[in-house]
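Convention: sequence-line order gives letters A, B, ...; per-chain numbering from 1.
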Amino acid sequence: MIGPALFFSACLFAIGVMGVLTRRNALILFMCVELMLNAVNLSFVALSKLHGVGGQVFVIFVMTVAAAEAAVGLAIVIAVFRHFRTVDLGALRLLRG
Amino acid sequence: MHTDLPLLFTFHFYLFGVLAVASALLFVTRKSPVSAALWLVNVMFCLAAEYVMLDAHFVGVVQILVYAGAIMVVFVFVVMLLNLGHPSETSDFRSKGTRLAAGAVALLLAAEVLTLMRQPWPQLASPDVPDNVVRPVAQTLFTEYLLAFEVTSVLLLVAIIGAVTLAKRGTQG
């Protein structure tokens, strides 16, 4: 079952990358990052069948970091929305000449 | 442990994997952030099933509790806070075809449950499964990775303070 799990993990990661590259809604972008983290978690769990439970411990750490990232990232999104009245990343052109 | 029913096991493994990939595709193609978030929740439930089938029971439960239960709720909460969802897409009923498909899935699941209830339960799980599945994770987490575990709590504290500070500054300015 390790091979198919790695295949699904690669598919999910590719879909997450596709979302990050194509979407401009900041919230959906964050969700795509979460999807990519989930894909990596799946390969961690699959490979932990081969290499011991260290992979599962790493998944728990990844989840913690993902929770922290979501909290801070969403706070930044709220701050950006209060300033620009939008979460469309194409509308944030402060650094463009 | 799964040698009794390899075909059923393999079928469900592939089923949840394909469901996860399909839900992820639907997730990146939705316009409304609310439906995108709900499809992502579906992906996480399917991944939790995959974790359980890969003998990572604890990670599967934590996946549902933390990801589907906490992180996605925060996402949906922010969507509501910023008023980004389109009410016409989220509150209306689905089209006729979707409702028929949902009914077909419900019938299929009911048939599956009835079939399973008629047959005697096979000896799927040996009694030592919870012992040798969860205990090694805890032992590794609290011995080998104890320092990282403690540092994680500091990281969460910093994230809480940062989130509160960032979200509060907007109201004053």
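- The distance from the CZ atom of Arg23(A) to the NZ atom of Lys31(B) is 9.5 Å, given to the nearest 0.5 Å.
- When the side chains of ILVMFWY residues are joined at heavy-atom separations under 4.5 Å, either directly or via intervening members, Val74(B) and Met80(B) end up in a single hydrophobic cluster.
- Between Ile71(B) and Ala66(A), the shortest heavy-atom contact is CD1-C, 4.1 Å.
- With a 4.5 Å cut-off on non-hydrogen atoms, Leu40(B) touches chain A through its side chain but not through its backbone.
- Residues Tyr67(B) and Leu37(A) meet the side-chain proximity criterion, which asks for heavy atoms closer than 4.5 Å.
- Rounded to the nearest 0.5 Å, atoms CZ (Phe27(B)) and CD (Glu34(A)) are 9.0 Å apart.
- Residue Ala24(B) comes nearest to Leu35(A) through the heavy atom pair CB-CD2, 3.9 Å, listed as atom of the first residue, atom of the second, then distance.
- The heavy-atom pair separating Val21(B) from Phe8(A) by the smallest distance is CG2-CD2, 3.9 Å.
- Of the inter-residue distances, the one linking Cys11(A) atom SG with Leu25(B) atom CG reads 8.5 Å to the nearest 0.5 angstrom.
- Heavy atoms closer than 4.5 Å to chain A are found nowhere in Val158(B), neither backbone nor side chain.
- Heavy-atom pairs under 4.5 Å with chain B were tallied for Gly19(A), Pro4(A), Ala71(A), Ala70(A); the largest tally goes to Pro4(A).
- Proximity to chain A involves both the backbone and the side chain of Ala37(B), based on heavy atoms less than 4.5 angstrom apart.
- At a 4.5 Å heavy-atom cutoff, the contact between Val72(A) and chain B is made by backbone and side-chain atoms alike.
- Atom CG of residue Leu42(A) and atom OH of residue Tyr51(B) lie 5.5 Å apart, to the nearest 0.5 angstrom.
- Remark: Asn25(A) engages no residue in a side-chain hydrogen bond (donor to acceptor under 3.5 Å, both in side chains) (not counting sequence neighbours).
- With a 4.5 Å cut-off between side-chain heavy atoms of Ile, Leu, Val, Met, Phe, Trp and Tyr, the cluster of Ile2(A) takes in Leu6(A), Leu47(A), Leu50(A).
- Using a 4.5 Å cut-off between heavy atoms, Leu81(B) touches chain A through its side chain atoms alone.
- Val59(A) and Phe45(B) fall within the same hydrophobic cluster, defined by Ile, Leu, Val, Met, Phe, Trp and Tyr side-chain heavy atoms under 4.5 Å apart, directly or through other members.
- Heavy atoms from other residues, nucleotides or ligands lying under 6.0 Å from CZ of Phe84(A) number more than 12.
- When the candidates Ala20(B), Ala36(B), Ala163(B) are compared by the number of heavy-atom contacts under 4.5 Å with chain A, Ala163(B) comes out ahead.
- Ranked by heavy-atom pairs under 4.5 Å with chain B, the list Ala68(A), Gly52(A), Gly55(A) is led by Ala68(A).
- Counting only heavy atoms from C-beta outward, the side chains of Val59(B) and Phe44(A) never approach each other to under 4.5 Å.
- The local environment of CZ in Phe142(B) is crowded, with over 12 non-hydrogen atoms from other residues, nucleotides or ligands closer than 6.0 Å.
- Connection of Ile15(A) to Leu21(A) is established within a shared hydrophobic cluster, with ILVMFWY side chains joined at heavy-atom distances below 4.5 Å, either directly or through further cluster members.
- In terms of heavy atoms, Phe75(B) sits closest to Leu27(A) at CE2-O, 3.9 Å.
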Quiz prompt | CA sep, side-chain torsions, deciding dist, call: Ile60(A), Phe58(B), side chain to side chain contact (heavy atoms under 4.5 Å, CB included) | solution = CA-CA 9 Å; Ile60(A) 294 168; Phe58(B) 180 69; 3.5 Å; yes
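- Interface remark: Ala138(B) contributes no atoms to any contact with chain A (heavy atom separation under 4.5 Å).
- Residues Val61(B) and Val57(A) do not share a hydrophobic cluster, clusters being chains of Ile/Leu/Val/Met/Phe/Trp/Tyr side chains in contact below 4.5 Å.
- Heavy atoms only, all atoms of each residue included: Gly54(A) and Tyr145(B) are closest at CA-OH, 4.4 Å.
- Taken together through direct or relayed side-chain contacts under 4.5 Å among Ile, Leu, Val, Met, Phe, Trp and Tyr, Leu146(B) and Phe58(A) form part of one hydrophobic cluster.
- Distance check, rounded to the nearest 0.5 Å: CG of Leu82(B) to CD1 of Ile78(A) gives 6.0 Å.
- Residues Gln63(B) and Asn38(A) have side chains that bring a donor and an acceptor to within less than 3.5 angstrom of each other.
- The two residues Leu166(B) and Ala75(A) come nearest to each other via the heavy atoms CB-CB, 3.8 Å.
- Ring geometry for Phe149(B) against Phe61(A) counts as tilted: the plane angle lies between 30° and 60°, on a 0 to 90° scale.
- Here the straight-line distance linking atom CD of Gln56(A) with atom CG of Asp55(B) works out to 8.5 Å at 0.5 Å rounding.
- Top candidate by heavy-atom pairs under 4.5 Å with chain A, chosen from Val18(B), Val66(B), Ile160(B), Val43(B), is Val18(B).
- Looking at Val87(A), the atoms closer than 4.5 Å to chain B (heavy atoms on both sides) all sit in the side chain, from C-beta outward.
- Proximity of Val28(B) to Ile28(A): side-chain heavy atoms (C-beta onward) are nowhere separated by under 4.5 Å.
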